[in-house]
Novice: 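Structure below; questions to follow.
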Amino acid sequence: MQNVVFAGRLAADPQVTDDFGKAVFRLLENRGRDATGKPRVVGVNCVSWAKGLNERVIAEGLTMGCEVVVVGAFVDNRYQARGGGERTAKELVVNRLTVLDWASDQTADAGAEAA
């Protein structure tokens, strides 16, 4: 399996299972502008199966807008759609995660701006 590196900001708060066995989040990355001048944004769905990472880093330290770098491998995920049809989606399975902008940093910055 080939690893890829993706850097971006969380589109929403991560979803972590109660037992911390699985964490799911979506990353968005700006990729310049298209031919018409509109911003080009690329998104990728990420999943982490590392219980320790999910409990100590993702659940505790990440919220919407945090910036991270993920190293992982793409896998195809097949599932049943609500209409009964079968669908396939790509997910980036997290092997390594580096946090560039913690949730606590965002809270501190917001507090400093308000003062």
Side-chain angles (χ1 to χ4, degrees):
M1 222 179 268
Q2 191 171 23
N3 282 329
V4 295
V5 178
F6 196 92
R9 294 194 176 271
L10 273 70
D13 290 346
Q15 299 173 350
V16 183
T17 58
D18 291 337
D19 67 350
F20 300 105
K22 179 181 179 184
V24 178
F25 55 94
R26 182 164 177 79
L27 289 181
L28 300 176
E29 179 181 60
N30 290 324
R31 294 273 176 104
R33 300 196 174 271
D34 65 12
T36 63
K38 293 190 298 190
R40 184 180 315 162
V41 178
V42 176
V44 63
N45 294 324
C46 300
V47 61
S48 169
W49 298 101
K51 193 171 186 175
L53 175 67
N54 298 343
E55 182 177 7
R56 292 188 296 269
V57 176
I58 295 174
E60 292 294 321
L62 298 182
T63 60
M64 182 174 81
C66 290
E67 188 173 16
V68 299
V69 176
V70 174
V71 177
F74 277 111
V75 296
D76 289 326
N77 182 19
R78 290 197 174 108
Y79 63 95
Q80 286 291 109
R82 289 186 183 166
E86 189 171 293
R87 302 257 174 117
T88 302
K90 288 210 178 292
E91 290 180 331
L92 183 60
V93 177
V94 177
N95 290 336
R96 279 179 259 146
L97 181 132
T98 302
V99 180
L100 302 177
D101 184 15
W102 292 92
S104 59
D105 292 343
Q106 292 180 350
T107 305
D109 290 345
E113 288 177 9

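All values below come from the heavy atoms of this structure, side chains included, with hydrogens, waters and symmetry mates left out.
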Novice: Measure the shortest side-chain to side-chain distance between Lys90 and Asp76 over non-hydrogen atoms and say whether it is less than 4.5 angstrom.
Specialist: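 With C-beta onward as the side chain, the pair touches.
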
Novice: Should we say atom CD of Glu29 is surrounded by more than 12 heavy atoms from elsewhere, each under 6.0 Å from it?
Specialist: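 Enclosed: over 12 neighbouring heavy atoms sit under 6.0 Å from CD of Glu29.
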
Novice: Nearest 0.5 Å, please: how far is OG1 in Thr88 from CZ in Arg78?
Specialist: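 Nearest 0.5 Å value for the CZ-OG1 distance: 5.0 Å.
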
Novice: Sequence neighbours left out, what passes side-chain hydrogen bond (donor to acceptor under 3.5 Å, both in side chains) with Asn30? Give chain and number order.
Specialist: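 Result, side-chain hydrogen bond (donor to acceptor under 3.5 Å, both in side chains) vs Asn30: none returned.
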
Novice: Backbone N or O of Arg33 within a donor-acceptor pair of the Arg40 side chain at under 3.5 Å?
Specialist: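 Here the side-chain-to-backbone pair exists.
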
Novice: Could you check whether any side-chain heavy atom of Glu86 comes within less than 4.5 Å of a side-chain heavy atom of Tyr79, counting everything from C-beta outward?
Specialist: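 With C-beta onward as the side chain, the pair stays apart.
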
Novice: Out of curiosity, does Leu100 fall in the hydrophobic cluster containing Leu62 (side-chain heavy atoms, cut-off under 4.5 Å, transitive links)?
Specialist: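 Leu62 does not cluster with Leu100.
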
Novice: I'd like to know if Val93 and Val69 are part of one continuous hydrophobic network [Ile/Leu/Val/Met/Phe/Trp/Tyr, side-chain heavy atoms within less than 4.5 Å].
Specialist: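 They do not share one cluster, since no chain of ILVMFWY contacts under 4.5 Å joins Val69 to Val93.
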
Novice: Looking at every non-hydrogen atom in both residues, tell me the closest pair between Cys66 and Gly61 and how far apart they are.
Specialist: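 Where Cys66 meets Gly61 most closely, the heavy atoms are SG-O, 4.1 Å.
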
Novice: With sequence neighbours excluded, what pairs up with Thr17 under the side-chain hydrogen bond (donor to acceptor under 3.5 Å, both in side chains) test?
Specialist: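 For Thr17, the residues satisfying side-chain hydrogen bond (donor to acceptor under 3.5 Å, both in side chains) (neighbours in sequence not counted) are Asp19.
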
Novice: Phe25 and side-chain contact (heavy atoms from CB on, under 4.5 Å): which single residue from Val44, Ile58, Val16 fits?
Specialist: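 When side-chain contact (heavy atoms from CB on, under 4.5 Å) is applied between Phe25 and each of Val44, Ile58, Val16, only Ile58 qualifies.
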
Novice: Which atom pair, heavy atoms only, marks the closest approach of Glu67 to Arg9?
Specialist: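 Looking at all heavy atoms of both residues, the shortest contact is OE1-NH2, 3.3 Å.
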
Novice: Are Met64 and Leu28 linked, directly or through intermediate hydrophobic residues, by side-chain heavy-atom contacts shorter than 4.5 Å (ILVMFWY only)?
Specialist: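 Cluster IDs for Leu28 and Met64 differ.
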
Novice: Are Phe74 and Leu97 grouped together when hydrophobic residues (ILVMFWY) are joined by side-chain heavy atoms under 4.5 angstrom apart?
Specialist: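 Yes; tracing contacts between hydrophobic side chains, which count when under 4.5 Å, links both residues.
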
Novice: For residues Phe20 and Val99: do they belong to one hydrophobic cluster (side chain heavy atoms under 4.5 Å, members Ile, Leu, Val, Met, Phe, Trp, Tyr)?
Specialist: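 Yes, Phe20 connects to Val99 through the hydrophobic network.
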
Novice: Will you find, in the side chains of Ser48 and Asn54, an N or O donor that is under 3.5 Å from an N or O acceptor?
Specialist: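 Note: Ser48 and Asn54 side chains meet the donor-acceptor criterion.
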
Novice: Report the C-alpha separation of Leu27 and Leu10 in whole Å, then their side-chain angles, then the decisive distance to 0.1 Å, and conclude whether the side-chain contact (heavy atoms from CB on, under 4.5 Å) test is met.
Specialist: CA-CA 5 Å; Leu27 289 181; Leu10 273 70; 3.6 Å; yes

Novice: Taking Asp13 for the side chain and Thr63 for the main chain, is one N or O donor matched with an acceptor at less than 3.5 Å?
Specialist: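 No; zero donor-acceptor contacts below 3.5 Å.
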
Novice: Between atom CD of Gln80 and atom CZ of Arg87, what is the distance when rounded to the nearest 0.5 Å?
Specialist: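 Separation between the atoms: 10.5 Å.
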
